[in-house]
Structures are given as structure tokens and as C-alpha cells.
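Notes to accompany the following structure.
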Amino acid sequence: MKSKSFFILLTLFIFITSCSSYKRLAYAFVESSKGASVALYVPNELTKNNIIEECDEESLDSIAPENIQDTIDACTKILNKIDDNIFLNVMIASFEETLEDYNLSLDYWENENSKPDSMHWVIDLSHIEIQELIEYQASYCSQNTDYEFVPTTVVNVASWFELINDEVSHLLFSEQNYNEYIIDCYYTIDSTNNVIINAELQQLSIEGFYNFAVILGKLYAGYCYDFFMNDYVRKEMIKNEKDYHEDHIYMRYDPYESYIYGTYSDKLIKIED
């Protein structure tokens, strides 16, 4: 029993010590990276997919050609209204503003004689795919009933990144949703005594979607910074022959509170080679 307790305490000590080492290195990165320049690249256009069943090819086959576009417009709320240039410009402006919060600058320093290094980073946001779809949210429409599933519209934004600040490039992925949500849900009875579910939704709008682009710019800037920070910690731990585990801890840096904290899922997803 004593040996088991000792092993648990030893494991806990190693865990706390390693976390402390990780954080010390992460804070060192925060200091050493101040003033770094970022070259950001984005696609010329967005890839858009409408995956609502009512708009699939089989459904459209039965519609007169002159009515197809009206049908597509009727069964999408956001996708057909998105202006690629507005979305990208809003996202880039937010990204650049957030870089300044991290003491970085957006500066296209690259030329044929320069290479990425610790003070010159490349962030290539190579592909952005936007999908509009229907998801069912659970909601209680009455205190006396079980929850009901209500159809809501979701706009999914998926982005692929290539990040470089040395001779090695890293491929990563992120996706977020701009979605409707249920404000209220209740039942009514129609003229033939059928029970009708009524859901009041916070509707999507193109203005709201462009505001979502502001959020994405902030998020992407933070996510990319965090990846470079964690990669620095990994390389330093290995260089100093210290124990490092890829799934042990992933750190995020809050530039507004100058605070580093751990996360399991709030980060870019690495795409394996």
C-alpha cells in the first residue's frame, strides 16, 4: 500500500514539475517573440457548399430551369449572400489587430533571400470552406413534456493552415460554427386539433456572419500564436533531453491578462503527414 501511495505521489510530482517547466518555457517564448513579423496569406476565394437536403441535385432535377436559382436562394440563409472579399477583409483586419495584442506585426517580409525563423513567421491560410446545413437542437417546449428536436441552420467555417517559423512546415485545421439558437419553444393546436411545435429562433444574418468573421480573425491569430509557442516548448524540452509528451498539456496564452493556461480542445488540430 505504501509503495502504491509513493508511486501516486511521485507521478503527481513529475506532472506538476513538468507543467511548471512547460510554462516557464512558454513565458520565455512570449518574451522572446515580441516584435516578430508575420507574413499572412489567404485564398483568393472561399469554397462554399450548400448541404441542405432540399437543395441537393436530385431535388433540383424536378424544378423548371428558370426556377432553380430562386429555389437555391430560398433554401439558404447565408451562403448565397456572402461576399468573399468582405469576409476576407474583415477577417484579416481582425487578425492583424489581434497580432498587435500579442506584440507581433503583419509584415510581408518574405523575399527570395529570406527564410522563416524565430522572428519571421509564415501563416498560410491556404483554404477556407463554408458549408450551410441543418442541425437539430434539443429543446423543452413545455414543462410537462420531454424535449423536442428543432431544426436550426448552421454555417460551418473550416480552415486549413500551413505554419512555418523554421525549416519545418506544419499543416493544421480548425472549424467553427455560426448557428441559430432557440430562444423559445412552445406548442399550439391547429384547426384540426393537431399539435404544432413552434420554435422562436435567433436568426442568422449576413451582418451577423461578418461579425463572426471578426471573431474568427481573433481566434485564428491566437491559435497560430499558441501553436508556435507550444512547438517552441516541445523543441526546447527535447533539446534539453527532458521528458515531453505530445498529449500531456497544450497551452494557450492570454495577452490581455498575460496569463498561460492549459486546454485539451481549444486549439488548432494537427494534420498528420
Show me the donor-acceptor pairs within less than 3.5 Å that the side chains of residues 158-166 make with the rest of the protein, sequence neighbours left out.
| from | atom 1 | to | atom 2 | distance (Å) |
| --- | --- | --- | --- | --- |
| Ser159 | OG | Tyr220 | OH | 2.7 |
| Glu162 | OE2 | Ser169 | OG | 3.2 |
| Asp166 | OD1 | Val168 | N | 2.8 |
| Asp166 | OD2 | Lys235 | NZ | 2.7 |

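- When all heavy atoms of Pro43 and Ser126 are compared, the closest pair comes out as CB-O, 3.8 Å.
- In this structure, the separation between CD1 on Ile130 and CD1 on Ile128 is 7.0 Å, given to the nearest 0.5 Å.
- Atom CZ of Phe173 and atom CD1 of Ile269 lie 6.0 Å apart (nearest 0.5 Å).
- Ring orientation note: the planes of Tyr259 and Tyr261 are close to parallel, at an angle under 30° on the 30°/60° scale.
- Residues in residues 43-52 take part in these salt bridge (Lys or Arg N to Asp or Glu O under 4.0 Å) pairs, two or more places apart or across chains: Lys48-Asp84.
- Between atom CG of residue Asn177 and atom OG1 of residue Thr153 there is a gap of 12.0 Å, rounded to the nearest 0.5 Å.
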Worked check of side chain to side chain contact (heavy atoms under 4.5 Å, CB included) between Met237 and Leu25: CA-CA 9 Å; Met237 292 288 286; Leu25 288 169; 3.6 Å; yes

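- Within the 3.5 Å criterion, the main-chain N or O of Ala36 finds no donor-acceptor partner in the side chain of Ser33.
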Worked check of side chain to side chain contact (heavy atoms under 4.5 Å, CB included) between Ile82 and Ile206: CA-CA 7 Å; Ile82 298 171; Ile206 190 62; 4.0 Å; yes

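- For Asp226 and Lys267, the salt-bridge test fails: no basic side-chain N is under 4.0 Å from an acidic carboxylate O.
- Residues Met119 and Gly35 come closest through the heavy atom pair CE-C, 3.7 Å.
- Remark: side-chain polar atoms of Glu132 are paired, donor with acceptor, to backbone N or O of Lys77 under 3.5 angstrom.
- Atom CD1 in Ile78 sits 11.5 Å away from atom CZ in Phe212 (nearest 0.5 Å).
- The distance from the CH2 atom of Trp121 to the SG atom of Cys224 is 9.5 Å, given to the nearest 0.5 Å.
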Stepwise side chain to side chain contact (heavy atoms under 4.5 Å, CB included) test for Ser205 and Tyr178: CA-CA 10 Å; Ser205 68; Tyr178 170 55; 4.0 Å; yes

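- Under the 4.5 Å side-chain heavy-atom criterion for Ile, Leu, Val, Met, Phe, Trp and Tyr, Phe228 and Ile238 are members of distinct hydrophobic clusters.
- The local environment of CG in Asn240 is crowded, with over 12 non-hydrogen atoms from other residues, nucleotides or ligands closer than 6.0 Å.
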Full working for side chain to side chain donor-acceptor pair (under 3.5 Å) between Glu175 and Asn156: CA-CA 7 Å; Glu175 65 174 338; Asn156 175 267; 3.1 Å; yes

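- Residues passing the side-chain contact (heavy atoms from CB on, under 4.5 Å) test with Ser32, sequence neighbours excluded: none.
- Residues satisfying the side-chain contact (heavy atoms from CB on, under 4.5 Å) criterion with Asn211, sequence neighbours excluded, are absent altogether.
- Shown here for Leu204 and Asn179, the closest heavy-atom pair between the two residues is CD2-C, 3.4 Å.
- Taking OH from Tyr232 and CE from Met251, the interatomic distance works out to 11.0 Å, rounded to the nearest 0.5 Å.
- When all heavy atoms of Leu172 and Leu268 are compared, the closest pair comes out as CD2-CB, 3.8 Å.
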Candidate pair Tyr27 and Tyr22, rule side chain to side chain contact (heavy atoms under 4.5 Å, CB included), full reasoning: CA-CA 9 Å; Tyr27 279 117; Tyr22 289 2; over 6 Å; no

With a cut-off of 3.5 Å and sequence neighbours excluded, list every side-chain donor-acceptor pair involving residues 85-97.
| from | atom 1 | to | atom 2 | distance (Å) |
| --- | --- | --- | --- | --- |
| Asn89 | ND2 | Asn85 | O | 3.1 |
| Ser94 | OG | Val214 | O | 2.6 |
| Ser94 | OG | Lys218 | N | 3.3 |

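- Residues Asp231 and His170 have side chains in contact (heavy-atom distance under 4.5 Å, counting atoms from C-beta outward).
- When atom types are taken as modelled, the side chain of Asp101 and the backbone of Pro255 share no donor-acceptor pair closer than 3.5 angstrom.
- Side chains of Glu129 and Asn49: a donor-acceptor N/O pair is present below 3.5 angstrom, by distance only.
- Tyr136 OH: 12 or fewer foreign heavy atoms inside a 6.0 Å radius.
- Every residue two or more places apart in sequence or in another chain was checked for a ring-ring contact (aromatic ring centres under 6.0 Å, His included) with Tyr223, and none qualifies.
- In this structure, Tyr225 and Tyr102 have tilted ring planes: the angle between them lies in the 30° to 60° band.
- In this structure the side chain of Glu180 never reaches within 4.5 angstrom of the side chain of Val154, judged on heavy atoms.
- Across all non-hydrogen atoms, the minimal contact from Ala26 to Val233 is N-CG2, 3.7 Å.
- For the residue pair Ser174 and Gln176, a side-chain donor N or O sits within less than 3.5 Å of a side-chain acceptor on the partner.
- Using a distance-only test at 3.5 Å, with no hydrogens or angles considered, no donor-acceptor pair links the side chain of Ser37 to the main chain of His120.
- Across every non-hydrogen atom of Ile260 and Met229, the tightest pair is CD1-SD, 4.2 Å.
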